[in-house]
Amino acid sequence: MKKGKGIQVLVPVISIAASFLIGCIIIAALGANPLTALQYLYKGAFGNVRNLGTTFSRATPLIFTTLCACFAYRCGVFNLGGEGQFIMGAVAACFVAVATGIKGPAAMVLASLAGALAGGIWAGIAGLLKVYRAQNEMIITIMLNYVATLFMGIVYTNWLRDGSVPQTVAVPEETMLPSFFGMRATIAFPIAVICGIGIFYYLFYTSSGFQLRAVGLNSVASRVNGFNVNKYMLMSFLVSGAIAGLGGALELLGTQLRLINGFAVGYGFDGVAMALIANLHPIAGVVVALFFAALRVGSTTMQTATGVPTSVSDIIQALVIVFTVAGMAMVKLPGFQNRLIARAQRKGAKA
Amino acid sequence: MSSFIANLILATVRMASPLIFLALAELYEERAGLVNIGIEGIAAIGSLVGFMISLISGRPGLGVLAGAGVGILVNMIYAYATISLCAEQIVYGMAINIFAPALAAFIYRVYFGSGSELVQANLMITLKQALGIQSDNFFVNLFLDQTPMVYIAFLLVIFTGIFFTKTRAGLNYKAVGEYPKAAATLGINVIGTKYLACVICGALAGMGGAYLTTCYSRTYVDGNIAGRGFIALAAVIFGRWSAPGVLIACLFFGFCDALQIRLQLVNSSLPYQFFQMIPYLATIIVLAAMGIRKAGPKSAGQPYRKEER
């Protein structure tokens, strides 16, 4: 199955190319020159150090929610609650940073830990219901997303409200995350990348990670082999929730500084999309998240320069996922596999 | 009867109707062995297109038809990927959930520009308004002060119940969801039935979305489906994959939605978000309380490959 590996990389690449082609057609239909638009897109995302910093900064929360989805799905658990877990992490971090009076590095560490814990607990609710009540984790995690969003609403309209404005008090300056090499991104960005590498190492180079993946591939066979399936499923909920929660805490301490209406909207599903495009590979997930962050940052520049709305980038992202998932299924079809084998045999015969 | 309870019952019927469309959409899909978690997304695009056509033509009914049409179109992507390409159904449903709302948001931006002022469309008139009845009696309001969509929703439940339990076609349809290979040996067109299920599901989910912009709210905003597509999934499980069960489940979830709206209006001391949590928490509690019994169609979620015998 060496051939399969090349195709697994090829499918997303072709999907991205096809999606950009359609994106260009849409841009042309809106009356702009696609090539100019793409040029501004590129400049906006990578043109100078400042823009690059913005791209890293936008990528950071997406990396966390992507890793959250990757980790859970590797264990066969469909955690769609990345957004809720991210939000609960940010809410917990907000309480630590704003309401306890602790400031400075100690507050950063405490707030991050509180965020990871809150995210883990929030996912753990769904995990317990999945493991002990055999409930559909997708519906539960989605419902918990809405509950988390509303809970955050209570926090910024009532409990930690900043005067007359419906937003929380800002994180004190001493507790703000230091910037990453003087760029707009904070140290949250390298932490996100390190998380990705750590998860990659755990999944592919430890025996526990192997067992977790085995549970995801075939839970019955894993049970027969004596793996504790329930333990791994629950753990995958807790860890994926903690990843998202940590992401929420760092986003609050580094970038947003306040909870406000619209905080983290769509990050959960974005993470799911990016994890699927990356074929559940953590390192590939980091790359895909960076790619889409660049697309979003660049599209703002594109909008000001050419008038093409930024939501074009959302369409391109959505098309990539529609094409990638279909493409990966297509290459797995028996007919396609047979053709691949036949071609390999023909090549073998010639040589 | 106090006006609070009367209003609560009336609101329950109004809020249950879109859920009925969405839950029936999922029921038809799952009965053919397809789990489609993308109905939230299909409802979103149905809601937008329904709104736009209703606004342009001035006829909400036309908007609903357009919503059904676009729902079918979008669901054909799901159908091709899951039936013909055997893509994983859950994963592809998720892809639709990401694709369709993005498309809806994009079309809205391009068509209406980014102006902050919300455009308003006409709502469908109720039977009471059409007949010119003046009475404000509770039962008149309950049975006559409803839009045609509400009657259609309840008629669809009756039709679906009879179809799946009393007709030969309905039993054949269910066989595809239970054991497709056996169904195929009996001469039932499995692939065709699955595609038909996707057409029905797309149309109903699109109509459910369009209900929200033609019968409930005059405006379209991103995210107006607010998880109803997923609550409908819960309603199908809670209703044990039968039409009467789904109706009861939808009325219950509609009641929760109605309750939170009424409580928000009555109470002003608690933050309103507490009440808005009610439908979502109720869904979690109901699912958790139901426990481990499994009932659904046996082949739901499994790809059907003709070659593998």
Side-chain angles (χ1 to χ4, degrees), chain A residues 26 29-30 73 78 80 125-126 128-129 132-136 138-147 149-155 157-159 265-266 269-270 272-273 276 303 309-319 321-336, chain B residues 37 40 77-78 80-82 84-88 90-103 105-110 113-114 222-223 226-227 229-231 233-234 237 270-277 279-284 287-294 303 305 307-308:
Chain A
I26 294 173
L30 292 174
Y73 303 166
F78 223 74
L80 297 181
I125 299 172
L128 288 174
L129 287 171
Y132 293 107
R133 305 292 289 169
Q135 280 318 319
N136 185 322
M138 293 178 288
I139 301 176
I140 304 273
T141 49
I142 298 253
M143 294 299 119
L144 287 173
N145 284 348
Y146 288 103
V147 176
T149 306
L150 291 167
F151 182 74
M152 175 177 75
I154 298 173
V155 172
T157 53
N158 288 279
W159 296 344
V265 164
F269 279 16
D270 286 339
V272 175
L276 292 174
Q303 185 175 31
T310 52
S311 39
V312 164
S313 68
D314 292 337
I315 290 282
I316 293 178
Q317 180 192 328
L319 286 171
I321 171 116
V322 165
F323 287 147
T324 310
V325 180
M328 288 192 186
M330 195 170 81
V331 298
K332 276 192 206 134
L333 282 179
F336 195 90
Chain B
I37 65 166
E40 172 96 4
I77 306 174
Y78 170 87
Y80 179 71
T82 56
S84 299
L85 300 181
C86 297
E88 243 182 275
I90 300 290
V91 170
Y92 219 81
M94 206 53 216
I96 296 293
N97 270 339
I98 291 160
F99 170 71
L103 187 62
F106 175 72
I107 295 172
Y108 187 84
R109 293 291 166 290
V110 170
S114 50
D222 288 342
F230 293 100
I231 292 179
L233 285 176
I237 299 172
L270 273 174
Y272 66 92
Q273 289 99 337
F274 273 121
F275 302 114
Q276 288 188 337
M277 287 180 188
Y280 307 115
L281 289 176
T283 307
I284 297 174
L287 282 179
M290 273 196 20
I292 312 184
R293 286 172 299 151
K294 281 242 156 58
R305 291 198 172 90
E307 300 90 278
E308 288 173 9

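Of the inter-residue distances, the one linking B:I237 atom CD1 with A:N136 atom CG reads 5.0 Å to the nearest 0.5 angstrom. Note that CD1 of A:I139 and CD1 of B:I37 are 9.0 Å apart. Values are rounded to the nearest 0.5 Å. Atoms CD1 and CG, from A:I142 and B:L233 in turn, are 9.0 Å apart once rounded to the nearest 0.5 Å. For the atom pair CZ of A:F151 and CD of B:Q276, the computed distance is 15.0 Å after rounding to the nearest 0.5 Å.
Checking side-chain atoms of A:Q135 against main-chain N and O of B:L287 turns up a donor-acceptor pair under 3.5 Å. Judged by distance alone, the side chain of A:Y146 and the main-chain N or O of B:P279 form no donor-acceptor pair under 3.5 Å.
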For this session: Test B:F106 against A:I26 for side-chain contact (heavy atoms from CB on, under 4.5 Å), laying out the working first.
Result: CA-CA 11 Å; B:F106 175 72; A:I26 294 173; 3.4 Å; yes
For this session: Applying side-chain contact (heavy atoms from CB on, under 4.5 Å), run through A:F78 and B:V91 and close with a yes or a no.
Result: CA-CA 9 Å; A:F78 223 74; B:V91 170; 4.1 Å; yes
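Contacts between A:I140 and chain B at a heavy-atom distance below 4.5 Å involve backbone atoms as well as side-chain atoms. For A:L144, the parts lying under 4.5 angstrom from a heavy atom of chain B are both the backbone and the side chain. Interface remark: A:N158 contributes side-chain atoms only to the contact with chain B (heavy atom separation under 4.5 Å). Using a 4.5 Å cut-off between heavy atoms, B:T82 makes no contact with chain A at all. Heavy-atom distances place both the backbone and the side chain of A:F269 under 4.5 Å from chain B. Contact annotation for B:I77: only side-chain heavy atoms (C-beta onward) come within less than 4.5 Å of a heavy atom of chain A. Of the two parts of A:L80, only the side chain, counted from C-beta on, holds a non-hydrogen atom closer than 4.5 Å to a non-hydrogen atom of chain B. Interface residue A:M138: only side-chain heavy atoms are found under 4.5 Å from chain B. Both the backbone and the side chain of A:I154 come within contact range of chain B, judged by heavy atoms closer than 4.5 Å. With a 4.5 angstrom heavy-atom cutoff, B:M94 touches chain A only via side-chain atoms. Proximity to chain B (any heavy atom under 4.5 Å) is shown, for A:V312, by both the backbone and the side chain.
The nearest pair of heavy atoms linking B:R109 to A:S311 is CG-OG, 3.8 Å. Nearest heavy atoms, A:R133 versus B:M290: NH2-C, 4.4 Å. Considering every non-hydrogen atom in both B:A95 and A:V322, the closest pair reads O-CG2, 4.3 Å. When every heavy atom of A:A326 is checked against every heavy atom of B:L85, the shortest pair comes out as O-CD1, 3.7 Å.
Taking chain B as the reference chain and counting heavy-atom pairs below 4.5 Å, the highest number among A:V147, A:I321, A:D314 is found for A:V147. Most heavy-atom pairs under 4.5 Å with chain A, from the set B:Y80, B:Y272, B:F274: that is B:F274. Comparing B:Y280, B:Y78, B:Y92, B:F99 by heavy-atom pairs within less than 4.5 Å of chain A, the highest count is held by B:Y280. No other option in B:S84, B:P303, B:C86, B:A226 has as many heavy-atom pairs under 4.5 Å with chain A as B:A226. For the set B:I231, B:I96, B:N97, the entry with the most heavy-atom pairs within less than 4.5 Å of chain A is B:I231.
Partners of A:N145 under the side-chain contact (heavy atoms from CB on, under 4.5 Å) rule, at least two apart in sequence or in another chain, are A:E83. Partners of A:T157 by side-chain contact (heavy atoms from CB on, under 4.5 Å), not counting sequence neighbours, listed by chain and number: A:R161, A:P166, B:Q273.
Residues A:L129 and B:I284 have side chains in contact (heavy-atom distance under 4.5 Å, counting atoms from C-beta outward).
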